[in-house]
Undergrad: 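Questions regarding the structure given below will be posed in turn.
Throughout, a chain's letter reflects where its sequence line sits, starting with A, and its residues are numbered from 1.
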Protein chains: 2
Amino acid sequence: MHKEKMQIKNEKIAIPNLQKIFEATFKLSNTHGFQGMSLRDLSKETGISMGGLYSYIGSKNDLASVIEGVQRKYIEQVLDGILKEKLAPKESLRAIIFSEIYMMEIMSSWYYFCFMELKGLSKEQQNFALDNELRGEEIIMGIIKDGIEAKQFICEHPELLASQVVAQLQQWHLKQWKFKLRGVNTEEYASYVYSSLLTCLSAEIN
Amino acid sequence: MHKEKMQIKNEKIAIPNLQKIFEATFKLSNTHGFQGMSLRDLSKETGISMGGLYSYIGSKNDLASVIEGVQRKYIEQVLDGILKEKLAPKESLRAIIFSEIYMMEIMSSWYYFCFMELKGLSKEQQNFALDNELRGEEIIMGIIKDGIEAKQFICEHPELLASQVVAQLQQWHLKQWKFKLRGVNTEEYASYVYSSLLTCLSAEIN
DNA sequence: GTCTATAGTGCGATAGAC
DNA sequence: GTCTATCGCACTATAGAC
């Protein structure tokens, strides 16, 4: 995705270095914040010189922007994949919850970075992110409403229940330290979010 | 609280100016992040000169630190007030949810700032904040367990249900833009969080 | 109690050797 | 493709006039 913007043309060199840059950015941003991280820090952490960094990124802000772009594209692909399957309401909710949580597991640093550093991005990218959050919530709300019409669910406030699920999903990347401390694993958490949702929908848990 | 550290001794001058400084900090941090905000920005926003600012704060980092300290003290006072009342499990949960949400309503900028800028604070303050989150969750979990023992509640995973409530509470300051957009008011949201919790506890809603 | 002026530092970014 | 050296700037913080 980032190919065309890069000065380094040899992929065998470019890809491992880009990976190093992303990982170091996540690490340093998690301790100092992206604005608090200097390119000198990043240079030390990656082992790439200041000058060298600039053949991989256009500018410091460009680096944050690229990370957000890659993350957004990935999520869109996965979500669209699920929606294409046209599952029944219950299975659809299950698929969304489990895939989002497993996705966060794999890309947890990306999620966390994008959430915490959203402010530093361009207005355009901020709007994309907010729209994405609304869209995610509306998809869940839509499925709940479909289930209500099909007499499978009972729920007074579908919009608030949807936001409850979104809140629980986000906790999985925002508060990983807490779940690790409590010894809750990915599978357990996803199962809980799903069963709690079914309880609030007055639906039977299989 | 911040009195002893300040150079300005006349309260009638100091308090309004400190207020201006806090509000401007919240505003600028919400758009650029605290690290991204310069004291020149803060000087322009408050109308106080660079030199003037330094008679109110010890340093830039000190400003963030003071904000976190004030916020923490406030929350502790309110929580302790509720726990002293020794209410029945249901009423206790209700009191915690409603007071926390109304508190966030009043001090929303403070909550948001402390959440987003936690990284920039000293290790000591970070630990305080994390402990506070754990403590808040444990209080809720404890009340749920009390209610289970008293045969008032049924719940398989008290610790996950407690984290669900904490997640929902945090959304109220993290995502205020969303609730405003959806036209959800404070009272409605607090009621929903409470009734959703009772549903998950298989308890009757009065 | 508030200001302007400025010291001193560390930043993002680039040029050009290798 | 990677490095070192360096430019110019914006930052935090302070000194001292008013």
Undergrad: Can you check the B/Met6 CE to C/dG1 C1' distance for me, whole Å?
TA: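 Taking atom C1' of C/dG1 as the reference, CE of B/Met6 is at 11 Å.
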Undergrad: Hey, are B/Asp80 and B/Arg135 close enough for a salt bridge, meaning a charged N less than 4.0 Å from a carboxylate O?
TA: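 Looking at B/Asp80 and B/Arg135, the cut-off is met.
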Undergrad: Centre of A/Tyr54's six-membered ring, under 6.0 Å away, within 45 degrees of the axis: is that where NZ or CZ of A/Lys60 sits?
TA: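 Pair A/Lys60/A/Tyr54 does not count as cation-pi.
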Undergrad: Between the protein and nucleotides 12-18 of chain C, are there any N/O to N/O pairs under 3.5 Å, and if so, what are the atom names and distances?
TA:
unit_1	atom_1	unit_2	atom_2	d
C/dG12	OP1	A/Lys60	NZ	3.3
C/dG12	OP2	A/Leu39	N	2.8
C/dG12	N7	A/Arg40	NH1	3.1
C/dG12	O6	A/Arg40	NH2	3.2
C/dA13	OP2	A/Tyr54	OH	2.5
C/dA13	OP2	A/Lys60	N	2.9
C/dA13	O5'	A/Tyr54	OH	3.1

Undergrad: Answer with yes or no whether the side chains of A/Tyr112 and A/Asn30 bring together a donor and an acceptor at under 3.5 Å.
TA: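 Short answer, no.
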Undergrad: What do you reckon, are the aromatic ring centroids of A/Phe26 and A/Trp110 less than 6.0 Å apart?
TA: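 Close enough - the centres of the two rings lie under 6.0 Å apart.
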Undergrad: Sequence neighbours excluded, which residues qualify as side-chain contact (heavy atoms from CB on, under 4.5 Å) partners of A/Tyr102?
TA: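 Testing A/Tyr102 for side-chain contact (heavy atoms from CB on, under 4.5 Å), a comparison that skips the adjacent residues, returns A/Phe98, A/Thr186, A/Glu187.
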Undergrad: Where along residues 9-27 of chain A does a heavy atom come under 4.0 Å from DNA chain D, residue by residue in number order?
TA: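 Residues of residues 9-27 of chain A under 4.0 Å from DNA chain D: A/Lys9, A/Asn10, A/Ile13, A/Asn17.
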Undergrad: Assess the side chains of B/Ser196 and A/Gln164: does a donor N or O sit below 3.5 Å from an acceptor N or O?
TA: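 The criterion, which ignores hydrogens and geometry beyond distance, is satisfied for A/Gln164 and B/Ser196.
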Undergrad: Got A/Lys145 and A/Phe153 here, is their nearest side-chain heavy-atom distance under 4.5 Å?
TA: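 No - every pair of side-chain heavy atoms lies 4.5 Å or more apart.
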Undergrad: Would one find more than 12 heavy atoms of other residues, nucleotides or ligands at under 6.0 Å from atom NZ of B/Lys119?
TA: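 Yes, because the 6.0 Å sphere around NZ of B/Lys119 holds more than 12 heavy atoms from other groups.
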Undergrad: Between B/Tyr56 and C/dT2, does any side-chain N or O lie under 4.0 Å from OP1 or OP2?
TA: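 Affirmative; the distance criterion is met.
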Undergrad: Using whole Å, report how far CD1 of A/Ile8 lies from P of D/dG1.
TA: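 Between P of D/dG1 and CD1 of A/Ile8: 5 Å.
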Undergrad: For A/Leu53 and D/dC3, what is the distance between atoms CG and P respectively, to the nearest whole Å?
TA: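 Between P of D/dC3 and CG of A/Leu53: 9 Å.
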